Amino acid sequence: AVKIEKQMKKEEATVLQLMNTGNMEAAKISAESVIRMKNEALNVRRLGAQMGAVAQKLQSAERTKEISKTIKKSVPIIEKGLKQMDSMGINKVMGEFDSVMEN
């Protein structure tokens, strides 16, 4: 986009020069070229923004994939730990916790 804008500035100077010399037809053609360049620069910037958005979405998807893998590995370990816990012992500890919180 920067390269196109530099070319656009040069072309604008050409338009002014042609207008000053009285060559209006050539100035008109050059002015149309400037307009095309401006539109092209805008399109390039839009495309760049869209590419940036796509890149962010891909990075987010990759992070989500990594988190999913980590969770997938963690769940069996948590389940194993829960199975090994004594449910009566848990109830006793929770009862003690409740009594401490009430006092």
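Residue numbers start at 1 and run along the sequence shown. This structure is a prediction, so every number in the text was calculated from the model and none was measured.
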Open item on the list: For the CE atom of Met24 and the CG atom of Leu18, what is their distance to the nearest 0.5 Å?
Closed with: 9.5 Å
Task: Exercise: identify the closest heavy-atom pair between Met37 and Ile4 - done: O-CG2, 3.2 Å
Open item on the list: Test your reading of the model: is there a side-chain donor-acceptor pair from Ser60 to the backbone of Gln56, 3.5 Å cut-off?
Closed with: no
Task: Distance in Å, Ile35 CD1 paired with Met8 CE, rounded so as to fall on 0.5 Å steps - done: 10.5 Å
Open item on the list: Can a side-chain donor-acceptor contact be found between Asn43 and Arg46 if the only test is distance below 3.5 angstrom?
Closed with: yes
Open item on the list: Other residues, nucleotides and ligands only: do more than 12 of their heavy atoms fall within 6.0 Å of CE on Met19?
Closed with: no
Open item on the list: Check Glu62 with Lys57, please: is the shortest side-chain N to carboxylate O separation under 4.0 Å?
Closed with: no
- [ ] Decide yes or no for Glu5 and Arg45: does some side-chain heavy atom of the first lie under 4.5 Å from some side-chain heavy atom of the second?
- [x] yes
Task: Point-to-point distance, once rounded to the nearest 0.5 Å, from CD1 of Ile29 to CG of Asn23 - done: 8.5 Å
Open item on the list: As an exercise, state the distance from NZ of Lys38 to CD of Glu12, rounded to the nearest 0.5 Å.
Closed with: 8.5 Å
Open item on the list: Can you give me the closest heavy-atom contact between Val15 and Ala31, atom names plus distance?
Closed with: CG2-N, 3.5 Å
Open item on the list: So, taking the atom named CG in Leu16 and the one named OG1 in Thr21, what distance separates them when rounded to the nearest 0.5 Å?
Closed with: 10.5 Å
Task: Spatial distance of atom OG (Ser33) from atom CD (Gln7) [nearest 0.5 Å] - done: 8.5 Å
Open item on the list: Using a 6.0 Å cut-off, check whether atom CD of Gln17 has over 12 heavy atoms from anything other than its own residue.
Closed with: no
Task: Side chains of Lys6 and Lys10 in contact at under 4.5 Å (non-hydrogen atoms) - done: no
TODO: Kindly work out whether a path of hydrophobic side-chain contacts (I/L/V/M/F/W/Y, heavy atoms less than 4.5 Å apart) joins Val75 to Ile67.
DONE: yes
